[in-house]
Q: 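Take this structure, written in structure tokens, and hold onto it; I'll ask about it next.
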Amino acid sequence: MHQKIIILDFGSQTTQLIGRRVRELNMYCEIVPYNKFPHNDPSVIGVILSGSPFSVYDEKAFKTELAGIRGKYPLLGICYGAQFMAYINGGTVEPADSREYGRAHLEYIDGTDPLLKGIEKGAQVWMSHGDTITSLPEGFKIIASTDHVPVAAYRAENEQLWGVQFHPEVYHSECGTEILRNFVVDICGGKQDWSAASFIESTVNELKEQLGNDKVVLGLSGGVDSSVAAVLLNKAIGKNLTCIFVDHGMLRKNEFANVMHDYEGLGLNVIGVDASAKFFSELAGVTDPERKRKIIGKGFIDVFDEEAHKLTDVKWLGQGTIYPDCIESLSITGTTIKSHHNVGGLPEKMNLRLCEPLRLLFKDEVRAVGRELGMPEHLISRHPFPGPGLAVRILGDITPEKVSILQNADDIFISGLREWGLYDSVWQAGAILLPVQSVGVMGDERTYERAVALRAVTSTDAMTADWVRLPYDFLAEVSNKIINKVRGVNRVTYDISSKPPATIEWE
Ligand code: XMP
């Protein structure tokens, strides 16, 4: 059993980042809602309390009972987590005179404190808070300060309890990893034995035990998650795994054939289904983005279900669900911007049990597992691609002709990124077919044709994104090639919007 750090989630945007940073230290951790501490789990060795969008004195603030946790495990509070532990012990937390966002430097450091071991005076940290701790409870002492924040970090004397006002988990806190390492390894006694190889070994054993001789069916999308899940399951149960790859006709150019070829090379037993005619007919004339998504989601379930019923004795549905999809969200607004869950409803419809071997992994860990399993790099480092595919990149209604135009433009763009060595520095890229025609001139002819937008973004988790500053020479070459080679396109634009306020996909 792996040792485990528990991260109590009070709703901060950076809670998942704390989890990732701890995992990067080869230390296994789980994120649980602030009030769902696993009291009976013997593998827990330490607890981190996250930040929160609330103030501790808000009526609606998330509050948790620390009885049974405090004194039993070392505790580290981050931002709200630090304020909360100070507040419930009689400290004072007040709105800061000026809100503190951004870089700050630790000008005073108690070098004898184990949490700050090795951290130099002047170390940069990242602040993001509207409240500040103005007085500490009795028995608590300051262990670090910045020019503006006297209580930048504290410790409860004679107790394994620390709080930091800044965010060690964010990239700009240069000493953040060191502080988390000090907590997890030195203070909690973490053995740092969590790795892709150890995950594969233990998961393959668990899958063998869980599945025995049962048969499993799994839907492949060509993406990293479902592919890694399939290879892992294949390693555990071999021929008892059948994969189904549905071509809805809205994939990239030649993608179906290329990916089928890759899958066969990996020894997977894959049934490829060309269902594009069905999808084209159901999508004809549909312009609303959410309706397109619903039609494709339902169509996918129908095709998958029909194929799976041709197999006998299947008991399980394998899925490539990953950790960010599972972490119980403490979302405060609850607004759906786009419905991304393409195949929600599949397990219920098929009456199968769910097997999700990657459900505890972050995306970068899924990639590490794929590499460790010997999967080809081009499958592992592929850009994300939306389930409904080019359907949400053709604005307005969809026809086979439009799909073909977009496939050709997209192919020139993506191949260009690879040729110029830019593909891996871009998080996601693609072409979008716009519902406008504009005037151009080719030779002596006036043209009145379509416009294509190119989009390339950097991101870490798709929650926020920025457009990539691609070289002008590259954009010029791609634009020329698209206009010269793709019939029906006479104009190319580059999307320079960030997310928020724009989104990555146009629909
Ligand atoms: P947005 O457009 O919301 O996209 O900024 C964020 C990420 O999600 C992908 N995306 C989808 N993925 N089904 C999916 O599987 C969908 O319906 C869908 N819509 C957007 C998008 O490509 C980006 O990576």
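Start at 1 and go down the list; that is how both ligands and their atoms are numbered. FYI, the numbering just counts along the sequence from 1.
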Q: From the options Ile48, Leu49, Ile31, select the one residue that forms a side chain to side chain contact (heavy atoms under 4.5 Å, CB included) with Thr15.
A: Ile31
Q: Which ligand 1 atoms does Pro388 reach within 4.0 Å, using its non-hydrogen atoms?
A: 13 (N), 16 (C), 17 (O)
Q: Check whether NZ of the Lys or CZ of the Arg Arg469 lies under 6.0 Å from the centre of the six-membered ring of Trp467 and within 45 degrees of that ring's axis.
A: yes
Q: Any N or O on Gln428 sitting closer than 3.5 Å to an N or O of ligand 1?
A: yes
Q: So, Arg382 and Glu255, do they make that salt bridge, N to O below 4.0 Å?
A: yes
Q: Holding to ring pair (Phe, Tyr, Trp, His ring centres under 6.0 Å), I want the full list of residues that pass it with Tyr494, two or more places apart in sequence or in another chain.
A: none
Q: According to salt bridge (Lys or Arg N to Asp or Glu O under 4.0 Å), does anything in residues 279-289 pair up with another residue at least two apart or in another chain? List the pairs.
A: Lys278-Glu282
Q: Assert yes or no for the condition that the ring centre distance of Tyr80 to Phe54 is strictly below 6.0 Å.
A: no
Q: Is there at least one pair of N or O atoms, one from Arg293 and one from ligand 1, spaced under 3.5 Å apart?
A: yes
Q: Under 4.0 Å, heavy atoms only, figure out whether ligand 1 is touched by the backbone of Glu505, its side chain, both or neither.
A: both
Q: Run the numbers for me: atoms of ligand 1, each under 4.0 Å from some heavy atom of Gly387, listed by number.
A: 12 (N), 13 (N), 14 (C), 15 (O)
Q: What do you reckon, does Lys499 have a nitrogen or oxygen under 3.5 Å from a nitrogen or oxygen of ligand 1?
A: yes
Q: Heavy-atom contacts with Thr503 under 4.0 Å: which atoms of ligand 1 show up? List them by number with element.
A: 1 (P), 2 (O), 5 (O)
Q: Is there a polar contact between ligand 1 and Ala462, counting only N or O atoms under 3.5 Å apart?
A: no
